[in-house]
There are 2 protein chains.
Amino acid sequence: MNNPKVSSRKTIILREAARLFREKGYSGTNLRELAKSSGIQGGSIYHHFSSKQEILYQIMEYTMTILISKIGELIGSEPEPFEQLRKAIRFHIEYHTSNVNETYVTDAELRSLTPDNYKKIVVLRNKYEHIYIQIIKDGIRAEKMKIDDVKLVSKALLQMLTGVSYWFDPNGSLRINEIANKYIKLFFWGIAGKDNQNHEEAS
Amino acid sequence: MNNPKVSSRKTIILREAARLFREKGYSGTNLRELAKSSGIQGGSIYHHFSSKQEILYQIMEYTMTILISKIGELIGSEPEPFEQLRKAIRFHIEYHTSNVNETYVTDAELRSLTPDNYKKIVVLRNKYEHIYIQIIKDGIRAEKMKIDDVKLVSKALLQMLTGVSYWFDPNGSLRINEIANKYIKLFFWGIAGKDNQNHEEAS
DNA sequence: GCATCAACCTAATGTTTGTCAGGTTGCCCT
DNA sequence: AGGGCAACCTGACAAACATTAGGTTGATGC
């Protein structure tokens, strides 16, 4: 989470906090248990964070910042909207499944933020969502996509993709890459559309 | 929630509990506040419920039971899979948006259930999900739908639909009925599929 | 007119909670 | 060798919490 040492105590606390917050909720988690599973005593958490709230905020702020920056790079190096969307979908699923705890908390614990922190995170959320909206708008302009309500469609997409991390099982039979392909196909052609899988005719 | 008087105290408590559980989480809600917003004193809740946990369980049990029974009626009176799915989608969105608090809690607070209660609710959840799976399977057999992973698709669908209740605004410009139509269109034809809206050619 | 009982109140109990003040340890730099 | 400081511990605090025991009230049925 930080840079210097890959797994400093602070990093450990943030990782364990994300896990506990997902498993028991923010209010349902107490700092003594968090400390214990981070290998320190209860009070010692306050050497690294000023409050419980700050731990939650840092998890969310970090997660959203990474999401935004990574997807920025991704679509920056790809001009074609259709292909941008494919890459974005793949990325969203990959990141959310390999960082379930953090992304789940970022998604579900908005209500536990103080008003100030809430505002800041919502700004980042909207920023991330707007990247998807923009891709789809570009796709329409390039006459590749046919949509009359971009906002609704992008919300539907993100909701659908995030859901993967709720049921994904690393030991299951499906690889992330296969799942991404299935979702791309579903989102592009629906359940009653094309029966062939030739969705590789980009630009 | 109960039958006799439409709005007994017990009903009020359950309604307020669902609201508070959604706004602040199960652990984040305290019984004094719940009592207050239900118009009684803290301890009086225990005249109607044996514990905080029981309140959560009753909300979930009631919600899932209604969902299952209503969708059962719905598809029982409609033989054609395509039309069944349309009705199911419409119903899911409608019920979830007009009972946001209850459905949100049922969806998000599984982790707060005791092991025994957890098992019971999960059974009901699976039952509900399997109705969708069955519809889609029937649709494939009738050669109306083209899907290679029914489970994945039904999970994607439900996730997408439930998401509507997270952003839906009764005072916004979109009516529930319009939203349902857009989701049906999206799920059936995708964003790159048919450009016309003639998805009314069911059997 | 009295017994009954559901609905509710009041006050208390024991536990858990976030937070903090003050102290200890061991490493780094000079 | 000794100051400085980050990392951590210990013990305590007040507040908040779910839950309970025992009491009050008012309507209903006989």
Side-chain angles (χ1 to χ4, degrees), chain A residues 1-60 105 109 111-118, chain B residues 1-60 105 109 111-118:
Chain A
M1 221 104 175
N2 262 346
N3 245 358
K5 261 178 293 181
V6 182
S7 207
S8 65
R9 177 107 314 145
K10 196 176 176 183
T11 311
I12 295 176
I13 296 175
L14 286 169
R15 181 166 19 92
E16 290 301 300
R19 184 178 61 82
L20 288 168
F21 288 169
R22 175 162 80 107
E23 287 172 7
K24 330 177 97 186
Y26 174 74
S27 302
T29 303
N30 73 75
L31 294 187
R32 278 171 246 274
E33 188 182 356
L34 171 55
K36 196 171 181 182
S37 66
S38 303
I40 53 177
Q41 292 295 106
S44 306
I45 287 189
Y46 284 80
H47 177 73
H48 303 280
F49 302 93
S50 67
S51 67
K52 185 183 179 182
Q53 168 75 201
E54 207 207 321
I55 300 177
L56 177 63
Y57 176 71
Q58 285 201 18
I59 292 173
M60 291 189 170
V105 167
E109 289 289 0
R111 64 186 174 198
S112 301
L113 290 171
T114 58
D116 277 3
N117 288 341
Y118 178 86
Chain B
M1 224 107 173
N2 263 345
N3 244 358
K5 259 177 294 180
V6 182
S7 209
S8 66
R9 177 104 320 143
K10 195 175 176 183
T11 311
I12 296 175
I13 296 175
L14 286 169
R15 181 167 17 93
E16 291 299 302
R19 183 178 61 80
L20 288 169
F21 288 169
R22 175 162 80 107
E23 287 172 5
K24 329 177 99 189
Y26 175 74
S27 303
T29 302
N30 73 75
L31 294 185
R32 277 171 250 273
E33 189 183 357
L34 171 56
K36 196 171 182 183
S37 66
S38 302
I40 53 176
Q41 293 294 106
S44 306
I45 287 190
Y46 285 81
H47 177 70
H48 303 280
F49 301 93
S50 69
S51 67
K52 185 182 179 183
Q53 169 75 201
E54 206 207 322
I55 301 177
L56 177 63
Y57 177 71
Q58 285 201 19
I59 292 172
M60 292 189 170
V105 167
E109 289 289 0
R111 64 186 174 197
S112 301
L113 290 171
T114 58
D116 276 5
N117 288 342
Y118 178 86

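Chain letters run A, B, ... following the sequence lines, proteins first, then strands; residues in each count from 1.
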**Request:** Could you walk me through whether B:Asn117 and B:Thr114 pass the side chain to side chain contact (heavy atoms under 4.5 Å, CB included) test, one step at a time?
**Result:** CA-CA 5 Å; B:Asn117 288 342; B:Thr114 58; 3.3 Å; yes
**Asked** Would A:Glu109 and A:Arg22 satisfy salt bridge (Lys or Arg N to Asp or Glu O under 4.0 Å), going step by step from the backbone distance to the final call?
**Response** CA-CA 9 Å; A:Glu109 289 289 0; A:Arg22 175 162 80 107; over 6 Å; no
**Message:** One character per nucleotide, please: for nucleotides 15-22 of chain C, 5' to 3', B when the base has a protein heavy atom closer than 4.0 Å, S when only the sugar-phosphate does, - otherwise.
**Reply:** --BBBB--
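A 4.5 Å side-chain heavy-atom check between B:Tyr26 and B:Arg111 finds every atom pair outside the cut-off. Side-chain contact check for A:Ile12 versus A:Ile40: every heavy-atom pair is 4.5 Å or farther apart.
Residue pairs meeting the side-chain hydrogen bond (donor to acceptor under 3.5 Å, both in side chains) criterion with at least one member in residues 36-48 of chain A, sequence neighbours excluded: A:Glu16-A:Ser37.
Side-chain N/O atoms of B:His47 include one lying less than 4.0 angstrom from OP1 or OP2 on C:dA7. Applying the 4.0 Å criterion to OP1 and OP2 of C:dC8, one finds that B:Gln41 has every side-chain N and O outside that range.
Here the shortest heavy-atom pairing between A:Val105 and A:Met60 reads O-CE, 3.3 Å.
Between the side chains of A:Ser51 and A:Glu54, no donor-acceptor pair is found at a separation under 3.5 Å.
Taking the 5' to 3' direction, DNA chain D first and last meets chain A under 4.0 angstrom from a heavy atom at D:dA6 to D:dA12.
Enclosure of atom CZ in B:Phe49 by more than 12 non-hydrogen atoms of other residues, nucleotides or ligands within 6.0 angstrom is indicated.
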